[in-house]
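One structure is given below, encoded as structure tokens.
Computation of the quantities below employed the complete heavy-atom set of this structure, encompassing side-chain atoms and omitting hydrogens, waters and symmetry-equivalent molecules. A quick note: this is a predicted structure, and the numbers were derived from the prediction, not measured.
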Amino acid sequence: LMDVTTTSGVQSLTEWIQVMAKLYQLDDLVAKLPVDRRSLKTALEGSIKMSFVKWYHSLYDMSRLKSILLQCYALKAVSESCLTLCNTIQNSISPEVKRLTGVDYLAIYVASLDTLFSPAVMDLMERWSQKKELAVTTSYVLYLNTKRMSVIAQQLETTDLKGLKLLNCQRWFKKMVPVWLKVALVICKERIDRAVEVDKIAIVTDEVCYSSSLVDTLTFLHQLVDFWNNLDWTSPEETYTFVVELINCITDAAKYYVEQIYTRAFEHTSGMEQFSITVRECIILNNMKHMQLMLSPEPSSSAVAGLLDELELHKTFDWLQQEIGIGEQGRILVGNVVKSAAEDIGQKITSESEQLVMQFIPAIRVFIDEAMQAAQGATIEQVLSPLGEYLNTNLKTLSSNLLFSVFRNLLEDI
């Protein structure tokens, strides 16, 4: 009954159910069966339960696995198989079986799953949360699979499954969420390091004025947003804590990127006889500004900005306010975290802009010295022409490649 992972298996099972339904219409045959087997519904329910138990234990036998990590790997694999069966039964088998026999195949399967699978996961997560050694990705996949099975259980029409442990599966994983976020930040920073290292600091396309490391970092931050959306936590109290930790994670990653790209701002200018602005400095300033806009968009900012809007935190805080009355408190707290991070990035942008301006001073002094030593009778235009040409060339590079808000602030510094 459990061999339904292939199209042929589903077809064979459906045909077998149809044959059984016809056989049970033969009174002479049914009369010869034991009393507890004379109902097709009873016989099918018993067969489904027995076959599931055998199938489950053939996949996973905890008694043979001494390592908690191996148990998690095995349980993740079991959860993937169980989820596949849930989807197959829901879409291909249960409707036909229910029509022919009145047996809700999916409800029996989910109840059996809850009896065997749920205690194993509950026990594993309780012991695992006390361990330092964690297979974080594995536990997260296990959570997603378990949650999807929980959603299927919630959609069942029968009222006999109200007490399913699967319906409260998020409780088993709540100690893991902070760990997932912490590890996600570590991985994100490692990827940022690599992205900045390989960045050639060149414009990605003619349509955008930032480089590959910003694109990569925004992708990494989008993955944090996807993590939160997939988490889909339902406890208001825990959601409040987790959303604050998530925002700290995103803002920390954003600030870390700005710090790393900042270190590459003037790495090629040392030893330069006469400093000249290049597209490189403009791109780095733009990268930093785009990251600031991602946290705190301006009305005229580009499409890169506003990644936090994808979290739809306004809905989360409205829900928290309605459920436990702390939505406004959370809105203010998260707003302050984001504002602080945006200000920190703004300070880095100001620092680089000031350094950029300082790079001009030696060259300008040379032009002034040359002007003071100009031959007697030279016109003011002749004296100041080299300085004017130098400034004009560099300002043109800045105006052509910098975001307008950055260029405006830089002019004020100059």
Would a distance-only check, ignoring hydrogens and angles, find a side-chain to backbone donor-acceptor pair under 3.5 Å from [X] to [Y]?
{"X": "Ser51", "Y": "Ile48", "result": "yes"}
{"X": "Gln322", "Y": "Trp319", "result": "no"}
{"X": "Asp114", "Y": "Leu164", "result": "no"}
{"X": "Thr397", "Y": "Thr393", "result": "yes"}
{"X": "Arg191", "Y": "Thr217", "result": "no"}
{"X": "Tyr390", "Y": "Ser276", "result": "no"}
{"X": "Gln321", "Y": "Glu328", "result": "yes"}
{"X": "Asn392", "Y": "Gly388", "result": "no"}
{"X": "Asn286", "Y": "Asn401", "result": "yes"}
{"X": "Asn394", "Y": "Ile277", "result": "yes"}

Report task. Identify, with sequence neighbours excluded, every residue that meets side chain to side chain donor-acceptor pair (under 3.5 Å) alongside Thr234. Result -> Gln170
Would you please say whether a donor-acceptor pair under 3.5 Å links the side chains of [X] and [Y]?
{"X": "Glu45", "Y": "Thr42", "result": "no"}
{"X": "Asp199", "Y": "Ser211", "result": "yes"}
{"X": "Gln25", "Y": "Lys22", "result": "no"}
{"X": "Trp172", "Y": "Ser118", "result": "no"}

Query raised in the report: Run the side chain to side chain contact (heavy atoms under 4.5 Å, CB included) check on Thr146 and Tyr143 step by step: do they pass?
Result: CA-CA 5 Å; Thr146 305; Tyr143 164 74; 5.7 Å; no
Query raised in the report: Would you call Arg331 and Asp318 a salt bridge, taking side-chain N to carboxylate O under 4.0 Å as the test?
Result: yes
Query raised in the report: Can a salt bridge be assigned to the pair Lys175 and Glu126 using a cut-off of 4.0 Å between side-chain N and carboxylate O?
Result: yes
Report task. Can you see which heavy atom on Leu398 is nearest to which on Cys282, and at what distance? Result -> CD2-SG, 3.9 Å
In the structure I gave you, are the side-chain heavy atoms of [X] and [Y] within less than 4.5 Å of one another anywhere?
{"X": "Asn87", "Y": "Ile152", "result": "yes"}
{"X": "Lys49", "Y": "Thr115", "result": "no"}
{"X": "Leu320", "Y": "Gln329", "result": "no"}

Query raised in the report: Centres of the Phe227 and Tyr140 rings: under 6.0 Å?
Result: yes
Donor-acceptor list for residues 339-352 side chains, cut-off 3.5 Å, not counting sequence neighbours:
unit_1, atom_1, unit_2, atom_2, d
Thr350, OG1, Gly346, O, 3.0
Ser351, OG, Tyr262, OH, 2.8

Heavy atoms from other residues, nucleotides or ligands near [atom1] of [X] exceed 12 (cutoff 6.0 Å):
{"X": "Glu389", "atom1": "CD", "answer": "no"}
{"X": "Asp27", "atom1": "CG", "answer": "no"}
{"X": "Lys189", "atom1": "NZ", "answer": "yes"}
{"X": "Arg171", "atom1": "CZ", "answer": "no"}

Query raised in the report: Of Val186, Ile187, Val179, which is the lone residue that meets side-chain contact (heavy atoms from CB on, under 4.5 Å) with Val136?
Result: Val179
Requested in this report: List the steps and the verdict of side-chain hydrogen bond (donor to acceptor under 3.5 Å, both in side chains) for Glu15 and Ser12.
Outcome: CA-CA 5 Å; Glu15 291 174 357; Ser12 297; 5.2 Å; no
Query raised in the report: Gln155: what forms a side-chain contact (heavy atoms from CB on, under 4.5 Å) with it, not counting sequence neighbours?
Result: Gln90, Val151
